[in-house]
Amino acid sequence: MLIHRIAAQLYTAGALQDIDVALTAGEDATLAISQSGRTLAVAAQFARRPRPTVYIVSGEDAADRAARTIAAYVGADRVARFSERKDYPWKNQEPDDAVVATRCSALARIAQGDSCIMVASARSLLRCVPPLESRYWASRTYSVGDEVAFERVPEQLVAMATPAPMRLTRRVCSACLETRSTSGRRRRRRRFASSFSAMRLTVFV
């Protein structure tokens with residue numbers, strides 16, 4: 001690939017060789033590079049030694065541009081976008097399922113050691129995520145009509161970022177659960193009360 005020939009030329013510079021040695025040894029390293037050359041330097045380093053890489057830029061527009069540029073060098077399959085979520089607690093805005101899925105997919109690749117470059121903006125990293133061992137980013141597949149037994153609901157919620165089973169109070173259990181009708185029409189909201197022990201979580205599409 002072209003990036004390998006570019007990397008071979010770039011790494012004749014002593015400063016980049018020092019960076020390569022430090023990163024290979026697992027040490028922190030700092031190198032000042034002009035803004036126009038940063039994506040090329042990241043792509044070149046990745047081409048030399050593919051490994052899980054996180055590339056952080058200032059904003060979402062810059063992250064989109066960086067992801068496209070890096071993808072042109074190393075291939076789109078080697079780039080993952082960690083997008084910013086717009087559904088802040090102080091805004092009346094529904095979570096974007098596509099953005100949540102993209103974030104989980106990007107984190108999953110990094111957590112599992114996939115050789116890819118995760119491009120993120122600084123703002124996208126402001127939202128806290130559960131610890132690595134929670135595996136909340138792992139995907140789960142359900143078929144139409146599948147049911148999750150109530151006894152497994154706390155375990156599922158913990159895996160999907162709820163802090164801990166013992167913190168599942170009646171207030172949490174009686175929260176609004178959203179389901180989608182099988183005909184694909186609008187969502188229905190139902191509020192369940194204290195008879196939660198007999199309930200099962202039914203999955204619809």
Side-chain angles (χ1 to χ4, degrees), residues 1-4 6-11 13-91 93-139 159-161 163:
M1 293 177 65
L2 174 62
I3 188 60
H4 292 95
I6 295 174
Q9 291 295 321
L10 287 177
Y11 278 82
L16 286 173
Q17 292 176 12
D18 294 341
I19 290 292
D20 190 41
V21 171
L23 293 178
T24 302
E27 301 174 355
D28 293 336
T30 303
L31 179 65
I33 302 177
S34 64
Q35 185 173 359
S36 59
R38 291 172 190 169
T39 53
L40 177 59
V42 170
Q45 173 61 32
F46 183 84
R48 283 174 60 86
R49 304 185 188 280
R51 63 187 126 197
T53 304
V54 178
Y55 181 48
I56 304 172
V57 296
S58 56
E60 284 295 292
D61 291 340
D64 288 336
R65 289 194 299 270
R68 289 193 297 268
T69 303
I70 295 174
Y73 287 125
V74 301
D77 60 321
R78 296 296 192 97
V79 179
R81 269 289 278 121
F82 190 76
S83 304
E84 178 188 359
R85 288 183 58 171
K86 304 292 186 180
D87 53 308
Y88 297 108
W90 57 86
K91 287 187 176 180
Q93 184 172 348
E94 293 284 335
D96 189 328
D97 294 340
V99 171
V100 173
T102 300
R103 288 166 60 94
C104 287
S105 176
L107 282 180
R109 296 183 67 177
I110 295 296
Q112 294 171 341
D114 185 16
S115 295
C116 69
I117 302 174
M118 187 182 87
V119 183
S121 68
R123 287 178 61 88
S124 70
L125 299 174
L126 292 177
R127 184 184 293 259
C128 294
V129 297
L132 178 64
E133 57 271 16
S134 70
R135 293 182 59 83
Y136 87 101
W137 36 261
S139 62
M160 295 166 63

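Not measured: the values here are computed from a predicted model.
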Could you grab the distance from atom [atom1] of [X] to atom [atom2] of [Y], nearest 0.5 Å is fine?
X	Y	atom1	atom2	value
Met1	Ile6	CE	CD1	9.5 Å
Arg127	Leu125	CZ	CG	12.0 Å
Ile110	Thr53	CD1	OG1	7.0 Å
Ile70	Ile117	CD1	CD1	4.5 Å
Leu126	Ser121	CG	OG	8.0 Å

Check [X] against [Y] and note the closest heavy-atom contact, atom names and distance.
X	Y	value
Ala41	Tyr11	O-OH, 4.4 Å
Ser124	Arg103	O-NH1, 3.3 Å
Val57	Ala62	CG2-C, 3.8 Å
Ser83	Val99	CB-CG1, 4.1 Å
Val129	Leu107	CG1-CD1, 4.3 Å

Listed by chain and number, what are the salt bridge (charged side-chain N to carboxylate O under 4.0 Å, His left out) partners of [X], not counting sequence neighbours?
X	result
Asp114	Arg109
Arg38	none
Arg123	Glu84
Arg65	none

Just so I know, are the side chains of [X] and [Y] near enough to count as touching, which here means a heavy-atom distance under 4.5 Å?
X	Y	answer
Arg68	Arg81	no
Leu23	Arg51	yes
Val119	Asp64	no

**Q.** Arg78 to Phe46, cation-pi by 6.0 Å centre distance and 45° axis angle
**A.** no
Q) Does the side chain to side chain contact (heavy atoms under 4.5 Å, CB included) test come out yes or no for Asp87 and Val100, once each step is laid out? A) CA-CA 10 Å; Asp87 53 308; Val100 173; 5.7 Å; no
In a table with atom names and distances, give each donor-acceptor pair under 3.5 Å that connects a side chain of residues 25-32 to protein atoms at least two apart or in another chain.
none

**Q.** Within 6.0 Å of CD in Gln93, more than 12 heavy atoms from elsewhere
**A.** yes
Q) Does Ser105 reach the main-chain N or O of Ala101 with its side chain, forming a donor-acceptor pair under 3.5 Å? A) no
Q.
Show, in sequence, the C-alpha distance, side-chain angles and deciding distance for Thr39 and Tyr55, and conclude whether the side chain to side chain contact (heavy atoms under 4.5 Å, CB included) test is met.
A. CA-CA 9 Å; Thr39 53; Tyr55 181 48; 3.8 Å; yes
**Q.** Under the side-chain hydrogen bond (donor to acceptor under 3.5 Å, both in side chains) test, residues paired with Asp96 that sit two or more places apart
**A.** none
